[in-house]
Amino acid sequence: MEQETIEQKELDTEQVPEDGVVIRIEHLKKSFGGNEVLKDINLELHKGENIVVLGRSGQGKSVTIQCIAGLLEPDEGKLEVLGKEIASLNEDELKDLRTKIGFLFQSGALYDSMTVRENLEFPLTRVLQIKDKQELTKRVEDALDSVGLKDAIDKYPSDLSGGMRKRVGLARTLILRPQIMLYDEPTTGLDPITAREISELIVTLQEKYETSAIIITHDMPCARITADRIVVMNDGKYIATGTYDELSKSPDELINNFFK
Amino acid sequence: MKLHLFLVAASSERKRSLMRTIMASAITSSLNRYMAAVGEQVSFATQFGRNIFRNGFEWNEFLRQCYIVGVKSISLVAVSGFIIGFVLTLQTQPTMKQFGAESFVPGMVAISIVREIGPMIIALICTGKIASSIGAELGSMKVTEQIDAMEVSSANPIQYLVVTRILACTLMVPLLTVMADALAFVGGWLGVNTQGHVSATLFFRKAFAALEFSDMIPAVVKTFFFGFAIGFVGCYKGYHASRGTESVGLAANSAVVTASLWIILLDAIAVQITNLLYY
C-alpha cells in the first residue's frame, strides 16, 4: 500500500501540457517597494529544453525563477507551470506542483544541522512519505552516485567544499525526480574547473532525468555548455533570445559584451 | 506695519499646518507598520496552529529541540535558581530578624520564589538563552535560503522548524522553572544556615506549610505561556529575518527584547487573573 502511494506520487510527476510548454510567462511584473525589478517578462520553456538567462547583477534574473517556484508573488502577468496558473492554486495545489519543480540555490542551501544523508532523506520522508530504511538508503546512494559524491554521505555540509555543496544540493533536488529544474547561478563562486564539472553535470543529469531547465547565470562557459537557448535580460525585460552562436554574433553592444 | 504682521501670522499658520501634516503622516505610517506587524504575527500564529498535526508530527525534531531547549539549559537554570534562593534569604533574613519574624523566612522565601521570582527570572533567563538562539538559528537559515529550500521541495518548514521549537519551549520552560524553584529552596536553606543552624527538615516543612495550591497552580500555568511566548517570538523573528548577515544579529536581539516584554506583560495579566480567581 505504501509502495503504491510512492509510485502514484512519482507517476503524478509525468504531466506535460499537450503543446509541450512546461513554463509559460506572459507580461510578468514584480516590484519591491518603488523599485520595478521585472517590467515585462515573456518566456516559454519547452519540455526537454534548457534556457539560460543571462544578465548583469541586480537585473531580477533570480526574481523570475523565485516567482516560478512560488517563493515570490508576481504583481501582474500570467505564470503557468505545467499548464497550471500559479496565482490560482491553493496551498495544497502549490505544494503538489512544487514536487515537480527542482530549485538549486546559489549556495546549495544544504541544511546545516543535518548530514548529507539526512539532507537527502528529508524530501523523501516528507514528500514521498518513504519510511523504509533500505529504500531510503538506496535512493540516497543512487542520487549521490549520480553526482559523484557517494563517499560524502555521512559528512556535514560544513565539511564540504563549495563545489561539493552544489553537487549535494543538486542531488537533493533531483531525488524527487522533478520535471523542471531551476538553477540560480550554479557555478558562481567556483573555480573554472569545478564550474565546468558542474555545468557538464547539469547536462548529464538533464539527459538522464529528462528535465527542462531555466539556468540563471553570468558565467559564459556555463551558458555555452548548458544552453539550448539563451535569453538576455536587461532593465527588467528580456531583450534578445537565440542560441549561443547566434547571440555571440549579435551586433548589439550590450549583448556582445557578454560574449567577449 | 499691518501688512507685515499679517504676513508673519500667515507664515506661522502655514508652519503649524505643515507640522500638523508631518505629524499626522508620521503617526499614520507608524500605525500602518504596527498593524502590518500585528497582522503578520496573527498569520504566523494561524500557520502554527494549522500545522501542529498536519500530515503527522515531527517527533524526532521535537525531541531534539526538547534536548536543546531543556537539557542544555539545566546548568544555567540550576545555578540561577540556587543563587536566587540563597541571595533572597540573605537579603531578607536581617530585616525579618529585627521584627522577630525569623521563623517566617522559609515561608516567605517559598511564596516569593514559587509565585513570582522563580517563574519570572527563569523565563527571562530562558529568553536570553533560548529566544536568541532560535532567532539566530532560523534567521541564519532564512538568510542562507535553507527555509526557501524546504518550501520549494514541498516539505513543510513551519511544521518542522516552528511547531517543534514552540512546543519544546512551551513544555521545557515550566519544567526548568520547577527545577529552579526546588534549587532555590535549597539555596534558601543554605542562606539561612549562614547565620545559624536550621535543619533541612524544619526549613522545608515550614516552606511547604506556607504554600497552597493557589500559589503553585497559577504560577506553573503561567510558565507554559512564558515558554510559548519565548518559542513563538524567537521563531517569528528568525523566520522573518530579512536578507543579509546583519539581520541574523538583529533577529536574535529583537527576539530577546520582544520576548522579555511579552513575559512581563503576560505576568501582569496572570497576576490579575490569579487575584480575581483566588482572592
Side-chain angles (χ1 to χ4, degrees), chain A residues 9 12-13 32 62 65-72 81 91-114 118-129 131 157-158 165 168-178 180-182 184-185, chain B residues 29 32-33 36 43-44 46-51 53-65 67-69 72 133-134 136-165 168 238-240 242-245 248:
Chain A
K9 281 190 184 240
D12 283 349
T13 62
F32 295 98
S62 301
I65 57 171
Q66 285 178 352
C67 287
I68 295 169
L71 290 172
L72 291 174
V81 178
E91 202 181 324
D92 287 333
E93 288 167 337
L94 180 62
K95 198 178 162 190
D96 192 39
L97 183 67
R98 277 172 168 167
T99 61
K100 293 153 198 164
I101 303 172
F103 198 121
L104 181 66
F105 289 86
Q106 198 173 333
S107 59
L110 300 181
Y111 312 134
D112 288 337
S113 59
M114 301 180 197
E118 289 163 344
N119 261 279
L120 268 70
E121 281 179 357
F122 191 83
L124 290 175
T125 50
R126 268 78 183 177
V127 182
L128 296 185
Q129 307 283 327
K131 304 286 177 202
S158 54
R165 280 164 170 254
V168 174
L170 193 52
R172 187 182 65 187
T173 308
L174 287 165
I175 207 162
L176 290 177
R177 307 280 160 86
I180 299 166
M181 280 296 297
L182 305 171
D184 190 3
E185 306 202 6
Chain B
S29 108
N32 281 344
R33 275 203 306 273
S43 154
F44 194 66
T46 313
Q47 284 186 60
F48 162 76
R50 282 173 53 201
N51 283 290
F53 294 113
R54 199 178 194 185
N55 302 324
F57 184 75
E58 294 281 355
W59 282 107
N60 288 343
E61 181 61 9
F62 171 69
L63 294 174
R64 195 175 79 89
Q65 288 305 320
Y67 174 77
I68 293 169
V69 170
K72 287 198 164 182
S133 122
I134 293 176
E137 187 190 9
L138 295 198
S140 146
M141 287 185 78
K142 182 78 180 177
V143 169
T144 54
E145 297 174 313
Q146 293 175 50
I147 293 179
D148 287 345
M150 277 188 195
E151 221 163 288
V152 292
S153 72
S154 281
N156 187 338
I158 294 280
Q159 188 175 38
Y160 183 76
L161 299 172
V162 175
V163 168
T164 51
R165 279 162 178 77
Y239 206 87
H240 290 88
S242 51
R243 311 285 169 177
T245 44
V248 178

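Below, all heavy atoms of this structure are taken into account, side chains as well, without hydrogens, waters or symmetry copies. All chains are named by letter (A, B, ...) in the order of the sequence lines, taking the proteins before the strands, and each is independently numbered beginning at 1.
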*Which heavy atom of A:Y111 sits nearest a heavy atom of B:Q146, and at what distance?*
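In this case the closest contact between A:Y111 and B:Q146 is CA-OE1, 3.2 Å.
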_Closest non-hydrogen atom pair, B:S153 against A:L176_ = O-CD1, 3.8 Å
*Verify, without hydrogens or angle tests, whether B:E151 (side chain) and A:L71 (backbone) share a donor-acceptor contact under 3.5 angstrom.*
no
*Answer yes or no: does atom OH of B:Y67 have more than 12 heavy-atom neighbours from other residues, nucleotides or ligands under 6.0 Å?*
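Open: at most 12 neighbouring heavy atoms sit under 6.0 Å from OH of B:Y67.
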*Determine whether more than 12 heavy atoms belonging to other residues, nucleotides or ligands lie under 6.0 Å from atom CG of A:D112.*
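More than 12 within 6.0 Å, yes.
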_Residue B:Q159 versus chain A: region with a heavy atom under 4.5 Å_ = neither
Need one label for [X]: side chain, backbone, both or neither, based on atoms under 4.5 Å from any heavy atom in chain B.
{"X": "A:N119", "value": "neither"}
{"X": "A:S113", "value": "side chain"}
{"X": "A:L104", "value": "neither"}

_Distance check, rounded to the nearest 0.5 Å: A:Q66 atom CD versus B:E145 atom CD?_
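Rounded to the nearest 0.5 Å, the CD-CD separation comes out at 7.0 Å.
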*Roughly how far apart are A:L94 CG and B:S154 OG, rounded to 0.5 Å?*
7.5 Å
*Run the side-chain contact (heavy atoms from CB on, under 4.5 Å) check on A:F105 and B:V152 step by step: do they pass?*
CA-CA 10 Å; A:F105 289 86; B:V152 292; 3.8 Å; yes
*Could you go step by step and tell me if A:E91 and B:R50 meet the side-chain contact (heavy atoms from CB on, under 4.5 Å) rule?*
CA-CA 12 Å; A:E91 202 181 324; B:R50 282 173 53 201; 2.7 Å; yes
